[in-house]
Amino acid sequence: MSEGALPKEDAVLRVDDLQKSFGGLAATDHATFAVERGTITGLIGPNGAGKSTLFNLISGFYEPDGGTVEVNGTDVTGMEPYEVADHGLIRTFQTPRKLEGMTVREAMLVGPRKQPGESFLKLFAAPGAVGESESANLAEAERILEEFEIDHLATQPATDISGGQMKLVELARAMLAEPEVLLLDEPVAGVNPTLAKKLKDQIRRLNEQGTTFLLIEHDMEFVMDLADPIVVLDQGHVLTEGTPEGVRSDDRVIDAYLGGGT
Amino acid sequence: MSALDGVTEAVADLSRPETWVLGVSAAFALFLLAALLTGALGPTYFLFLVGLAGMYALLSFGLNAQWGFTGLINFSVAAFFGVGAYGSALMTADSSPIAGGFNPLVGLVVALVVAFVLALLIGIPTLRLRADYLAIASLGLAEVVRLIVLNERWLTNGSAGLRGIPSFFQGWPVLSSFPEAMPGLRLVVIPGSPILLETAFWQSLLNVALVLAFAGGAFLVLRRAHRSPWGRVLRTIRSDEDLARALGKNTYSFKMQSFILGSLIMALAGVFYTHLNLYVGPGDLDPITTFYAWVAVILGGSGSNRGALFGGIVIVTIREGTRFLNDVALPIDPAPLRLLLIGVVIVAVMRYRPQGILPPQRELIWPSAVDGGGTPEPPDSGVREQKGSGGDE
Ligand SMILES: Nc1ncnc2c1ncn2[C@@H]1O[C@H](COP(=O)(O)OP(=O)(O)OP(=O)(O)O)[C@@H](O)[C@H]1O
Ligand SMILES: [Mg+2]
């Protein structure tokens, strides 16, 4: 569909001809693109372009009207979100999700997948294994919090931290799930420049350690600096895809997204 | 057992509400002791009350495992209670139209199996949907179960109910003849009002032992399950199910487990009731039981096992206290007075302590991981104290 698209040898995520309509509105309109392993891929587009809808389709929250989603070479179309997560894809939400009645570290510990202690039977049959994995996860959670420089928040109520800190915690928690590809929906929306810088550094560092990112972001400076390639979405379909420079100078993008400015 | 655990736990880190609860409980215990010693409260009746308290504690434990842990709205507490009561009565009673005469242990197993199947039947179509579907379906279920019990005479004896139910320990070695074997005792603490301990007393003592075993066991299971990764996923679901799904949790399965677990505990309350009361009838499935369980959980603090225990005791106190008042002093019918009192208590709690009296305090992290890690526990006052109100309506 999009001409800028290069053939992806090693795609961790492949979206093919995906469609989704709400009433008469085609929120996702034959969208096709792929995310190559090891990249930080940006997903941009004006408000209402269908970016979040695309995330919901990919992660199994919405059932597509047509098309397929492939994660790690497996067709995950129509799977439950938890099954998609099992294939290594984790997503965050545009509006931070608050966990009522949990401390930050407690909320973090929801992240690790397939914990032995999540099996009711093992709580009684193998309490030792549960304790070991719990200790390891707690240590890992505290390590990541430290890396993100928010370890002082560990025992704060998760509902009492700032919006920007919430975004950091969400990223940190998603990392505990050890995703191969992590979908971030506007990670720095409403985050002050210092925290945003911190987030950017963290994403870059995690990427160097092997996590692939697909991130939606309206902050152009942030996304142009961090992501390559960038996929541009407009009215539900992929307008173009390319390097930050290529996208920035593309007339169609300027028309659709930058409103003819810049 | 469970009460003791609850007390030691509360003493360990006395926050203000905990001190308050402890104080009130101690005063109440002294009051009961005085009533016992003066003969105002018969010891057998007292044990019956303890049994009832254990029964309500079980019902609130069950509902707490569903609503308090996971946010599942179950309006058919009475139905699961009834399934437990009838399941075991139908297996053991002389007058049972279908089976009867089995050992009460068989009744217990059958009751639990039926409750399990019923929980599955209602859970499968509703737990994938939004929370309100379970609420509506469970309302219907409560009525359906009640009507079946009332109308299917070939199965349940209909409005006549079931008589001739044996005590739970019938047919057990030693215990089955324990009440008769014990000597009648006559204690004189205050001259002129002797306290008689006879067969009925020893029988009640056995019943109390039974309910303490049930409730204590349920409490220990729930406590371990709650402070664990499993309990943490449930709390995540309660707060934001989509987040749990995005993090790879099969929320349908977790909700089902929580629903079944709670339903089994409710059925356990019914089994105990059958062998306490030795008679069950369709009236035992009245929705008031569901109402009491909800009051107990909300009062105690949703999500807190200790709170559920406390709430259960408060319910029995109000229930039997109004009856007592009616007997000795007030010429007021206890039923409306009871509801009035419960109404006042609920309004007061909602107004001054919306999170309940003993809301959950601890982080849901496996104890050995936190205690071993040397990380300090958050202060008592902190974490959930201010925050409990939001999702608890
Ligand atoms: N659940 C839904 N029901 C109906 N319409 C929806 C739903 N979700 C999204 N839409 C519509 O689909 C279109 C795309 O919405 P989406 O949230 O995907 O946009 P977006 O690109 O994420 O925008 P933003 O940058 O503002 O977050 C919008 O017109 C929106 O109104
Ligand atoms: Mg969006």
- Message: Please confirm whether the ring centroid of A/Phe22 lies under 6.0 Å from the ring centroid of A/Tyr62.
- Response: yes
- Note on the structure: chain A shares the most heavy-atom pairs under 4.5 Å, among B/Gln257, B/Arg224, B/Arg245, B/Arg232, with B/Arg232
- Message: Shorter than 4.5 Å, heavy atoms on both sides: which option in A/Pro127, A/Ala174, A/Ala136, A/Ala154 has the most such pairs with chain B?
- Response: A/Pro127
- Message: What I want to find out is whether A/Glu180 reaches A/Arg37 closely enough, with some N-O distance under 4.0 Å, to be called a salt bridge.
- Response: yes
- Message: So that I can tick it off, tell me whether A/Arg113 and A/Glu178 are bridged by a salt bridge, with the cut-off set at under 4.0 angstrom between side-chain N and carboxylate O.
- Response: no
- Query: Among B/Ser258, B/Ser60, B/Ser302, which one satisfies side chain to side chain donor-acceptor pair (under 3.5 Å) with B/Trp67?
  - Reply: B/Ser302
- Message: Under 4.5 Å from any heavy atom of chain B, what part of A/Lys122 do you find: side chain, backbone, both or neither?
- Response: neither
- Message: Whether A/Arg143 and A/Glu147 form a salt bridge (side-chain N of Lys/Arg under 4.0 Å from carboxylate O of Asp/Glu) is what I want to check.
- Response: yes
- Let me know if A/Phe93 has heavy atoms under 4.5 Å from chain B in its side chain, its backbone, both or neither. side chain
- Message: Between A/Glu134 and chain B, with a heavy-atom cut-off of 4.5 Å, which part of the residue counts as in contact: side chain, backbone, both or neither?
- Response: both
- Task: Give a yes or no on whether the backbone of B/Gly248 and the side-chain of A/Lys114 come within a donor-acceptor separation of less than 3.5 Å.
- Result: no
- If you tally heavy-atom pairs under 4.5 Å between each of A/Leu176, A/Val130, A/Ile90, A/Asn137 and chain B, the highest tally belongs to A/Val130
- So which part of A/Pro112 gets closer than 4.5 Å to some heavy atom of chain B, the side chain, the backbone, both or neither? backbone
- Message: To check you understand the geometry: which heavy-atom pair defines the closest contact between A/Lys198 and A/Phe148, and what is its length?
- Response: CD-O, 3.4 Å
- Given B/Leu247, B/Leu261, B/Ile365, B/Asn250, the one with more heavy-atom pairs under 4.5 angstrom with chain A than any other is B/Asn250
- Item | Contact class of B/Leu234 relative to chain A, heavy atoms under 4.5 angstrom | neither
- Query: Using non-hydrogen atoms only, which part of B/Tyr252 is less than 4.5 Å away from chain A: side chain, backbone, both, or neither?
  - Reply: neither
